[in-house]
Amino acid sequence: MSYFGDDFVVPAFADVELGEGQRWSTWPATTPTERGPEPRPDWVVTSAGAVDTELGVVKSGKEAELYLIERAVPGASGERPGEASVLAAKRYRTPDNSDFHRSSAYTEGRRVRRSRDRRAMERKSSYGRTVAAGQWAGAEFGALCWAWQRGLPVPYPVQISHTEILMEFIGRDGVAAPRLANAPLERDELIGCFDQVVAILHGFASGQCAHGDLSPYNLLVHDGRVVVIDLPQIVDVIGNPNGFELLERDVRNVCTWFERRGVPNDPDALFAELCADAFG
Ligand SMILES: Nc1ncnc2c1ncn2[C@@H]1O[C@H](COP(=O)(O)OP(=O)(O)O)[C@@H](O)[C@H]1O
Ligand SMILES: [Mg+2]
């Protein structure tokens, strides 16, 4: 037995045999800039002796796959915070497994520093698409950190490693929280959700940003709380020439959806308020 972390006794590495779908925790290999913002929630497992176990695929999308991962210190009861936690791993597809593309409307104004990387992306070579996948992962991780620090309801971003983001899993017992689009909600609950979405829009806009792909599919409802996900295309509304258009599209997407479900609202007035926030 040996010590890892502050106060846990865990089996020495040699005593643990990794099974299929397991790896050593990738936490110790990350640098401080690849880790989520401080103060870290107490459930984040930082022990070097922890093991990551893949529990399954939650969703397989065009550009990324979402896996459920358990990160736990072997032999620990898991009753104390920081010994075991369930995480969502969002893995961006690289050229071996996808056609990766997103509209350049989002990336205008975003700079790729290394000219070799930029040329490769422009050529859409296999290397270029790997760079692009890493950039989307980096953009999403950065956006999650930014939003978390502003107090917006996003999953806590635990770490980024290449094209994989590990974040708080929003759900219970391995079952992901429903998306707003499919959440079984009564009318008064819908009104409560609408108010939270409006607060989310204000939170982004007052930081001069728009989500850029806001819809009832990128909002989860967990215990009555709305959590916003899927942020790689976050837009700087002032710096991006399409910024206000994308902000307006976010507003219309959600307002139309709520209107159809009997929650009256005024998208023009809301958009005007958000523009005022952005110019604050
Ligand atoms: N942190 C999370 N916790 C629980 N479920 C999540 C989480 N992040 C994503 N999901 C689920 O995975 C789906 C895909 O994730 P998303 O980030 O929207 O990727 P994309 O739409 O680009 O495939 C979401 O619709 C949601 O159902
Ligand atoms: Mg999505």
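Residue numbers start at 1 and run along the sequence shown. In listed order, ligands and their atoms are each counted from 1.
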Practice problem: Please check if any side-chain donor atom of Ser206 sits under 3.5 Å from a side-chain acceptor atom of Arg150, or the reverse. | Solution: yes
Quiz item: Would Arg71 and Ser47 count as having a side-chain donor-acceptor pair, cut-off 3.5 Å?
Solution: no
Check ligand 1 against [X] and write out every atom of the ligand that is under 4.0 Å from a heavy-atom position of the residue.
{"X": "Asn218", "answer": "18 (O)"}
{"X": "Ala88", "answer": "1 (N), 2 (C)"}
{"X": "Tyr217", "answer": "25 (O)"}
{"X": "Met167", "answer": "1 (N)"}
{"X": "Pro155", "answer": "1 (N)"}
{"X": "Phe169", "answer": "3 (N), 4 (C)"}
{"X": "Lys90", "answer": "16 (P), 17 (O), 19 (O), 22 (O)"}
{"X": "Glu168", "answer": "1 (N), 2 (C)"}

Is there a donor-acceptor contact under 3.5 Å from the side chain of [X] to the main chain of [Y]?
{"X": "Arg93", "Y": "Lys62", "answer": "yes"}
{"X": "Gln22", "Y": "Gly19", "answer": "yes"}
{"X": "Tyr67", "Y": "Leu87", "answer": "no"}
{"X": "Asn218", "Y": "Asp213", "answer": "yes"}

Quiz prompt | Which atom of Asp230 approaches the Mg ion (ligand 2) most closely (N/O/S) | solution = OD2
Quiz item: Side chain, backbone, both or neither: which part of Ile229 has a heavy atom under 4.0 Å from ligand 1?
Solution: side chain
Quiz item: Side chain, backbone, both or neither: which part of Leu66 comes within less than 4.0 Å of ligand 1 when only heavy atoms are counted?
Solution: side chain
Quiz item: Is there an N/O/S atom in Tyr217 at a distance below 2.8 Å from the Mg ion (ligand 2)?
Solution: no
Quiz item: Can Glu164 and Arg91 be counted as an ion pair, charged N to O under 4.0 angstrom?
Solution: yes
Practice problem: Give a yes/no verdict on whether any heavy atom in Arg179 is under 4.0 Å from an atom of ligand 1. | Solution: yes
Quiz item: Near His222 NE2, under 6.0 Å, is it more than 12 heavy atoms from other residues, nucleotides or ligands?
Solution: yes
Practice problem: Could you tell me how the ring of Phe279 sits relative to the ring of Phe244: parallel (under 30°), tilted (30 to 60°) or perpendicular (over 60°)? | Solution: parallel
